[in-house]
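Notes for the one structure printed next.
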Amino acid sequence: MSTITAGRDRSTPLPFTCPSWCAVDHATQDVPRFPGDRDVIHRSAHAWLNSAGSSDEPWELSAHLASPELGYAPAVLVVDVGAPLDPYAEFDVEQADQLIRDLKTFTARVQQMRDHLVAAKEQQS
Ligand SMILES: [Zn+2]
(Lines give C-alpha, C1' and ligand atoms only; values in the text may rest on other atoms or scores of the structure.)
Protein backbone atom coordinates (compact mmCIF):
# COMPACT_ATOMS: atom_id res chain seq x y z
CA MET A 1 0.00 0.00 0.00
CA SER A 2 1.42 3.34 -0.98
CA THR A 3 0.95 6.63 0.78
CA ILE A 4 0.73 9.98 -0.96
CA THR A 5 2.52 12.61 1.04
CA ALA A 6 2.17 16.33 0.62
CA GLY A 7 4.85 17.96 -1.42
CA ARG A 8 6.80 16.72 -4.39
CA ASP A 9 10.26 15.27 -4.22
CA ARG A 10 11.85 17.63 -6.71
CA SER A 11 14.35 14.99 -7.78
CA THR A 12 11.56 12.68 -8.97
CA PRO A 13 10.96 12.95 -12.72
CA LEU A 14 7.58 14.31 -13.74
CA PRO A 15 5.15 11.62 -14.92
CA PHE A 16 4.50 13.46 -18.17
CA THR A 17 6.41 15.29 -20.89
CA CYS A 18 5.79 18.97 -21.57
CA PRO A 19 5.35 20.33 -25.09
CA SER A 20 8.40 22.26 -26.30
CA TRP A 21 6.68 25.61 -25.70
CA CYS A 22 5.66 24.92 -22.08
CA ALA A 23 7.13 27.44 -19.64
CA VAL A 24 5.61 25.98 -16.47
CA ASP A 25 7.94 24.56 -13.84
CA HIS A 26 5.63 21.71 -12.87
CA ALA A 27 8.19 20.37 -10.39
CA THR A 28 7.57 23.37 -8.12
CA GLN A 29 3.92 22.44 -7.66
CA ASP A 30 3.37 21.12 -4.15
CA VAL A 31 0.74 18.55 -5.07
CA PRO A 32 2.07 15.32 -6.58
CA ARG A 33 0.85 14.86 -10.16
CA PHE A 34 0.14 11.69 -12.06
CA PRO A 35 -0.40 10.75 -15.72
CA GLY A 36 -3.82 11.93 -16.84
CA ASP A 37 -4.10 14.48 -14.02
CA ARG A 38 -6.64 17.05 -15.26
CA ASP A 39 -5.03 19.76 -13.15
CA VAL A 40 -1.83 19.64 -15.18
CA ILE A 41 -2.01 22.50 -17.66
CA HIS A 42 0.91 23.28 -19.93
CA ARG A 43 1.26 27.02 -20.55
CA SER A 44 3.57 28.98 -22.80
CA ALA A 45 5.34 32.18 -21.85
CA HIS A 46 3.11 35.23 -22.23
CA ALA A 47 3.27 37.81 -25.00
CA TRP A 48 2.42 41.25 -23.61
CA LEU A 49 1.08 44.54 -24.90
CA ASN A 50 0.66 47.21 -22.24
CA SER A 51 -0.30 50.83 -21.86
CA ALA A 52 3.09 52.49 -21.75
CA GLY A 53 2.35 56.19 -21.57
CA SER A 54 -1.03 55.81 -19.88
CA SER A 55 -1.13 57.49 -16.50
CA ASP A 56 -4.62 56.84 -15.13
CA GLU A 57 -5.91 53.33 -15.74
CA PRO A 58 -3.05 51.08 -16.83
CA TRP A 59 -4.11 48.19 -19.02
CA GLU A 60 -2.45 45.23 -20.61
CA LEU A 61 -3.22 42.60 -23.16
CA SER A 62 -1.52 39.24 -22.95
CA ALA A 63 -1.62 36.00 -24.87
CA HIS A 64 -0.38 32.50 -24.11
CA LEU A 65 -0.99 28.91 -25.11
CA ALA A 66 -2.65 26.51 -22.69
CA SER A 67 -3.01 22.77 -23.11
CA PRO A 68 -4.24 20.19 -20.63
CA GLU A 69 -2.12 17.12 -20.06
CA LEU A 70 -3.07 14.16 -22.28
CA GLY A 71 -5.31 16.36 -24.39
CA TYR A 72 -8.58 15.79 -22.50
CA ALA A 73 -9.51 19.20 -23.95
CA PRO A 74 -8.04 20.96 -26.98
CA ALA A 75 -5.16 23.39 -26.64
CA VAL A 76 -6.24 27.01 -26.86
CA LEU A 77 -4.75 30.43 -27.38
CA VAL A 78 -5.76 32.46 -24.31
CA VAL A 79 -5.96 36.25 -24.63
CA ASP A 80 -6.33 38.16 -21.35
CA VAL A 81 -7.37 41.76 -20.97
CA GLY A 82 -6.09 43.45 -17.86
CA ALA A 83 -5.27 41.79 -14.57
CA PRO A 84 -5.98 38.21 -13.58
CA LEU A 85 -9.72 37.45 -13.32
CA ASP A 86 -10.52 40.18 -15.81
CA PRO A 87 -12.07 39.31 -19.18
CA TYR A 88 -10.29 36.76 -21.31
CA ALA A 89 -11.03 34.71 -24.38
CA GLU A 90 -9.95 31.29 -25.62
CA PHE A 91 -9.34 30.80 -29.33
CA ASP A 92 -8.99 27.72 -31.49
CA VAL A 93 -6.88 27.84 -34.67
CA GLU A 94 -9.56 29.40 -36.89
CA GLN A 95 -10.48 31.94 -34.24
CA ALA A 96 -6.79 32.75 -33.70
CA ASP A 97 -6.43 33.32 -37.45
CA GLN A 98 -9.34 35.78 -37.33
CA LEU A 99 -7.84 37.50 -34.29
CA ILE A 100 -4.54 37.91 -36.15
CA ARG A 101 -6.34 39.38 -39.18
CA ASP A 102 -8.23 41.77 -36.90
CA LEU A 103 -5.02 42.78 -35.14
CA LYS A 104 -3.34 43.48 -38.50
CA THR A 105 -6.28 45.68 -39.52
CA PHE A 106 -6.14 47.39 -36.13
CA THR A 107 -2.38 47.94 -36.45
CA ALA A 108 -2.78 49.38 -39.95
CA ARG A 109 -5.39 51.84 -38.66
CA VAL A 110 -3.18 52.82 -35.73
CA GLN A 111 -0.33 53.35 -38.22
CA GLN A 112 -2.58 55.68 -40.25
CA MET A 113 -3.45 57.63 -37.11
CA ARG A 114 0.23 57.84 -36.21
CA ASP A 115 0.96 59.24 -39.67
CA HIS A 116 -1.81 61.83 -39.27
CA LEU A 117 -0.33 62.69 -35.89
CA VAL A 118 3.05 63.33 -37.54
CA ALA A 119 1.41 65.51 -40.21
CA ALA A 120 -0.51 67.47 -37.56
CA LYS A 121 2.67 67.97 -35.54
CA GLU A 122 4.52 69.26 -38.62
CA GLN A 123 1.72 71.75 -39.35
CA GLN A 124 1.90 73.07 -35.79
CA SER A 125 5.64 73.70 -35.93
ZN1 LIG B 1 4.24 21.64 -19.07
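For this chain, numbers begin at 1 and follow the sequence in order. Order of appearance sets the numbers: ligands from 1, and atoms from 1 within every ligand.
- Trp21 and Ala66 make their closest contact through CH2-C, 4.4 Å (heavy atoms, listed as atom of the first residue, atom of the second, distance).
- Note on the Zn ion (ligand 1): protein N/O/S atoms under 2.8 Å are Cys18 SG, Cys22 SG, His26 NE2, His42 ND1.
- A pairwise comparison of heavy atoms in Pro74 and Pro68 identifies O-CD, 4.1 Å as the closest pair.
- For the residue pair Arg109 / Gln112, no side-chain donor-acceptor distance below 3.5 Å is found, with atom types taken as modelled.
- Results of the side chain to side chain contact (heavy atoms under 4.5 Å, CB included) test with His64 over Leu77, Val76, Asp80 single out Asp80 as the only residue that passes.
- For the residue pair His26 and His42, the shortest heavy atom distance occurs at NE2-ND1, 3.2 Å.
- Distance alone, capped at 3.5 Å, is enough to place a donor-acceptor pair between the Gln95 side chain and the Asp92 backbone.
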